[in-house]
Structure formats: C-alpha cells, structure tokens
Number of protein chains: 2
Amino acid sequence: MQNRQGCAPGQPAAIFKTLAHPVRIAILDLLRHGEECVCHMEAILDKRQAYISQQLAILRAAQIIADRRDGMNIFYRVVRPEIYVLLDAACAMSTLPTTTPSAVIRRESCPCPKCTPVVAIAD
Amino acid sequence: MQNRQGCAPGQPAAIFKTLAHPVRIAILDLLRHGEECVCHMEAILDKRQAYISQQLAILRAAQIIADRRDGMNIFYRVVRPEIYVLLDAACAMSTLPTTTPSAVIRRESCPCPKCTPVVAIAD
DNA sequence: TGACAATATGCAAGAATTGGAATATAGTAG
DNA sequence: CTACTATATTCCAATTCTTGCATATTGTCA
C-alpha cells in the first residue's frame with residue numbers, strides 16, 4: 001500500500017532517522033552558510049574529530065552532504081537544500097505551544113472493518 | 001549555543017526520532033482524512049492491536065495526536081497539522097533523485113580555528 | 001453487578017544506535 | 001622517501017529501540 005503520491009512509508013522514516021540526532025542537526029546548521037571544513041566543525045561543536053567524522057559519514061551515506069578536498073582540508077557542503085525545509089519545520093514545531101485545533105471529523109458509526117469494508121476506506 | 005531563531009538542536013531531533021518509524025508514519029497518514037478508531041488502524045495496517053496501541057502511545061506522548069472516546073471506540077486525531085509539512089517534505093526528498101547543485105562557497109583560506117577565531121565564524 | 005469488547009500497559013529478548021578509543025588512510029611539505 | 005597533518009574507519013561496551021506476548025484497564029450492555 002502506498003500513500004502520498006506514491007511514496008512508500010519506509011523512505012521518509014529513513015530520512016527522519018538520519019536527522020534524529022542533535023549533532024547531525026548541528027552539523028547541517030553549520031552548513032547553512034556554505035561549506036565548512038571538518039576541523040572547523042570540530043572546534044565549533046566541541047566534539048572529537050573521529051566522532052564528527054562518524055556523523056559526517058552517516059550524512060554522506062544518506063546523500064545529504066558531499067565533500068570536496070582543498071589542500072589539506074576537506075570541505076563538506078549540503079547537496080539537498082530541501083533538508084532545511086525539514087529542519088525549519090521541526091524547529092518551528094519545537095518552539096510553538098501545543099495548539100489543539102485540528103479538524104475533528106465526527107462520524108455516525110464506527111468506521112472499523114466490522115461496520116465498513118476496509119477497502120472502501122483504505123481507498 | 002542556539003541556532004535557528006533560538007531553537008536548541010535537541011528539540012528537532014526529538015521530533016525526527018518520533019517520526020523515524022514506518023508504522024508511526026503510516027498512522028499519521030491514516031489520520032490525514034480526519035480521526036480514526038484504533039480497530040480501523042489495526043485492520044488497515046495489518047498489525048496487532050497491542051502494537052498499534054504502543055505506537056499511538058508514543059505519538060500521544062509527543063503530543064502529535066490526541067484521543068477521544070465515542071461509545072466503545074477511541075478515536076485518534078492529529079493535533080499538530082504542521083506534522084504533515086514534515087511528512088510531505090520527507091516524502092518529496094525520498095522520491096526526488098539526488099540533485100547535486102548546492103551553493104559551493106569557495107574560500108581563500110581554511111576557516112578552521114587556526115586561521116580564523118572560532119567566535120567570529122560561529123557568529 | 002457480571003460478562004464482554006476495545007484499548008492500554010508491562011515485560012523481555014533481540015536488534016540497532018551511541019559515542020569513546022585506537023588505528024588506518026591519504027594528501028602534503030621538506 | 002619520510003615525517004606530519006587532516007580525516008576516516010574499525011572495534012567495542014553501554015544504552016536505547018523494537019516488537020511479540022501476556023495481562024491490565026476502562027467503558028458498555030444486559
């Protein structure tokens with residue numbers, strides 16, 4: 001079963017999993033300005049180099065960032081700017097208080113399969 | 001250190017973690033139409049009731065959904081519609097091919113702390 | 001009240017993730 | 001070629017996540 005214009009539910013979960021880490025988010029935030037070298041991230045994030053490199057490897061495997069060598073340093077940059085739509089939306093949700101509006105659709109009867117054939121509702 | 005209009009990097013990570021699960025995403029997709037009862041989700045997602053209930057509990061703890069009792073059934077609804085911005089964006093990223101444009105900002109010298117004071121770059 | 005239906009919760013074993021330490025790789029300067 | 005610098009990878013123990021099973025809770029109906 002597919003949904004959202006043919007996007008299997010497994011794929012977005014993978015993206016969310018990649019982003020579900022404070023350090024990886026911090027790295028992506030650093031890269032908003034443009035590319036940045038590893039040693040710089042190391043200094044700003046105050047984490048050990050090997051650790052930063054691990055997180056970079058995860059982001060790189062997810063094809064969110066790419067690297068470029070310049071002399072002795074390696075510079076990382078974001079190759080999927082759309083990622084910032086996700087970051088900004090998540091951040092907005094974090095700060096906003098829980099608004100409880102939402103369209104509550106009332107139904108006469110229970111929509112469970114005992115009342116209504118599943119296929120009809122699953123669409 | 002804060003970023004993105006005062007949003008600590010830990011908060012978005014928590015939201016992403018909550019969404020980093022295929023079944024929870026599938027549940028939220030079900031709730032796009034409006035509220036839905038648990039037994040219905042059970043039938044559509046083809047998972048055991050206890051399992052669905054566990055995932056619902058996680059989404060409820062994250063204050064993304066809320067419940068309402070109606071007779072013998074309990075209906076869940078989304079109370080943070082902004083969540084669909086995240087889902088749609090993640091889905092769009094999943095389907096699109098990896099475009100590798102991105103603004104590559106070249107610099108004369110290495111921006112690492114040995115070349116430039118960290119405070120100046122961290123802004 | 002008692003039986004039942006719908007949903008929630010606690011527990012546990014296995015799987016995956018986290019982050020530290022050591023080490024490997026690759027490019028550079030001399 | 002050699003030493004050095006920047007970055008990457010591998011290994012590992014502790015923690016956390018996953019998900020099935022059993023059971024508890026809560027409301028309904030007779």
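Protein chains get the first letters and strands the later ones, always in sequence-line order, with residue 1 at the start of each.
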Select one nucleotide: of [options], the one nearest the side-chain heavy atoms of [X].
X	options	answer
A:Arg48	C:dG20, D:dT28, D:dT9	C:dG20
B:His21	D:dT18, C:dT7, D:dT7	D:dT18
A:Tyr51	C:dG20, D:dA8, D:dT19	C:dG20

Whole angstrom value for the distance that separates [atom2] of [N] from [atom1] of [X]:
X	N	atom1	atom2	value
B:Met41	C:dA6	CE	P	15 Å
A:Ile74	C:dT25	CD1	P	15 Å
A:Ile65	D:dT7	CD1	P	13 Å
A:Ile58	C:dT17	CD1	P	8 Å
B:Leu56	D:dT18	CG	C1'	16 Å
A:Ile27	D:dA8	CD1	P	10 Å
B:Glu42	C:dA5	CD	C1'	12 Å
A:Arg69	C:dG27	CZ	C1'	5 Å

- Query: Which atom pair, heavy atoms only, marks the closest approach of B:Leu87 to B:Asp29?
  - Reply: CD1-OD1, 4.3 Å
- Note on the structure: B:Arg77 and B:Asp67 have their tightest heavy-atom pair at NH1-O, 3.7 Å
- Counting only side-chain N and O atoms of A:Arg24, is one of them less than 4.0 Å from OP1 or OP2 of C:dG19? no
- Message: Between B:Tyr51 and B:Leu45, is there a side-chain heavy-atom distance shorter than 4.5 Å?
- Response: no
- Message: Same cluster or not: B:Ile64 versus B:Val85, using hydrophobic residues (I, L, V, M, F, W, Y) connected whenever any side-chain heavy atoms lie under 4.5 Å apart?
- Response: no
- Are A:Met72 and A:Val38 connected in the hydrophobic side-chain network, where two residues link if heavy atoms are under 4.5 Å apart? no
- Query: Knowing that exactly one of A:Ile65, A:Leu59, A:Ile83 qualifies, which makes a side-chain contact (heavy atoms from CB on, under 4.5 Å) with A:Leu31?
  - Reply: A:Ile65
- Item | Separation between CG of B:Asp88 and CZ of B:Arg32, rounded to the nearest 0.5 Å | 4.5 Å
Might you list the N or O atoms of the protein lying below 3.5 Å from N or O atoms in nucleotides 10-13 of chain D, with each pair's distance?
from: D:dT10; atom 1: O4; to: A:Gln54; atom 2: NE2; distance (Å): 2.9

- If you take atom types as modelled and just measure distance, does the side chain of B:Gln49 reach the base of C:dA8 with a donor-acceptor pair under 3.5 Å? yes
- Note on the structure: Walking DNA chain C from its 5' end, the first of A:Gly71 and A:Lys17 to be reached, judged by nearest nucleotide, is A:Lys17
